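These values consider heavy atoms only, across backbone and side chains, with no hydrogens, waters or symmetry-generated copies. Because the structure is a prediction, the values reported are computed rather than measured.
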Amino acid sequence: QVQLVESGGGLVQAGGSLRLSCAASGRTFSRYGVAWFQQAPGKEREFVASIGWIPFTTNYAPSVKGRFTISRDNPKNTVYLQMNSLKPEDTAVYYCAAGYSINNSRLGRDYDSWGQGTQVTVSS
């Protein structure tokens with residue numbers, strides 16, 4: 001497992017942008033697939049985006065495709081989620097998750113390392 005710490009959340013107006021970061025510990029981070037999930041109050045956790053470990057294939061939920069971009073910088077042990085054209089319905093706690101050799105799974109159960117989450121609030 002790796003230790004994950006998210007940052008970059010905050011309050012933004014609709015139409016604005018935020019970039020979330022997920023910093024990981026561990027020397028083998030490059031062998032981990034990483035995903036972002038969101039959980040809004042009273043709702044179940046939902047898949048947002050993922051990036052594989054080799055090659056850098058990506059996968060997005062239909063609700064964010066074209067607005068969000070996931071990327072990774074392996075030398076920095078960091079995965080990013082660039083969120084543009086934010087909508088009030090994007091408001092949620094965003095969690096970063098990692099799984100060894102996982103390639104673009106949308107299932108939370110495939111990831112065994114989770115961060116503490118970062119709050120994103122989009123005002124209308």
Notebook entry, point to check: Among the clusters formed by ILVMFWY side chains lying less than 4.5 Å apart, do Phe29 and Ile70 turn up in the same one?
Noted result: yes

Notebook entry, point to check: Which residue pairs satisfy the ring-ring contact (aromatic ring centres under 6.0 Å, His included) criterion with at least one member in residues 104-124, sequence neighbours excluded?
Noted result: Phe37-Tyr111, Phe37-Trp114

Notebook entry, point to check: Looking only at atom types and distance, does a side-chain atom of Ser25 sit under 3.5 Å from a main-chain N or O of Gln3, one as donor and one as acceptor?
Noted result: yes

Notebook entry, point to check: Measuring from Gln39:CD to Tyr95:OH, what's the distance to the nearest 0.5 Å?
Noted result: 5.5 Å

Checklist line | Ile102 to Ser105 - nearest heavy-atom pair and separation | finding: CG2-CB, 3.8 Å

Check: Is it true that atom CD of Gln116 has more than 12 heavy atoms of other residues, nucleotides or ligands lying nearer than 6.0 Å?
Finding: yes

Next item on the list: Mind checking side chain to side chain contact (heavy atoms under 4.5 Å, CB included) for Ala98 and listing every partner two or more places apart, or none if nothing turns up?
Entry: Val2, Leu4, Tyr32, Val34, Ser113

Check: Shortest non-hydrogen contact from Pro75 to Asp73?
Finding: CD-OD1, 3.0 Å

Item checked: Side-chain donor-acceptor pair present, Ser50, Asn104, cut-off under 3.5 Å -> yes

Notebook entry, point to check: If you look at every heavy atom in Tyr60 and Arg106, which pair is closest and at what distance?
Noted result: O-NH2, 2.9 Å

Next item on the list: Would you mind reporting whether Gln13 and Leu86 have side-chain heavy atoms less than 4.5 Å apart?
Entry: no

Item checked: Sub-4.5 Å side-chain heavy-atom contact between Asn74 and Arg72 -> yes

Notebook entry, point to check: Got a second to check how far Ser17's OG is from Arg19's CZ, nearest 0.5 Å?
Noted result: 12.0 Å

Note to self: Within this structure, what is the OG1-CG distance for the pair Thr78 and Leu20, rounded to the nearest 0.5 Å?
What the structure shows: 12.5 Å

Check: When clusters are formed by joining ILVMFWY residues with side-chain heavy atoms under 4.5 Å apart, either directly or through shared neighbours, do Val79 and Leu18 land in the same one?
Finding: yes

Next item on the list: Drop me the distance from Thr58's OG1 to Phe68's CZ, to the nearest 0.5 angstrom.
Entry: 14.0 Å

Check: Rounded to the nearest 0.5 Å, what separation is found between the CD atom of Gln119 and the OG1 atom of Thr91?
Finding: 7.5 Å

Next item on the list: State, yes or no, whether a side-chain contact exists between Met83 and Asp90 at a heavy-atom distance under 4.5 Å.
Entry: no

Item checked: Same cluster (ILVMFWY, side-chain, under 4.5 Å), Val48 and Val93 -> no

Check: Between Arg31 and Trp53, which heavy-atom pair has the shortest distance, and what is it?
Finding: NE-CZ3, 3.0 Å

Notebook entry, point to check: To the nearest 0.5 Å, what is the distance between OG1 (Thr118) and CH2 (Trp36)?
Noted result: 7.5 Å

Margin query: Within the structure provided, determine whether Thr69 and Tyr80 are in side-chain contact (heavy-atom separation under 4.5 Å).
Written below: no

Next item on the list: Flag yes if Val64 and Val122 sit in one hydrophobic cluster, no otherwise; membership is Ile, Leu, Val, Met, Phe, Trp, Tyr, and two members link when side-chain heavy atoms are under 4.5 Å apart.
Entry: yes

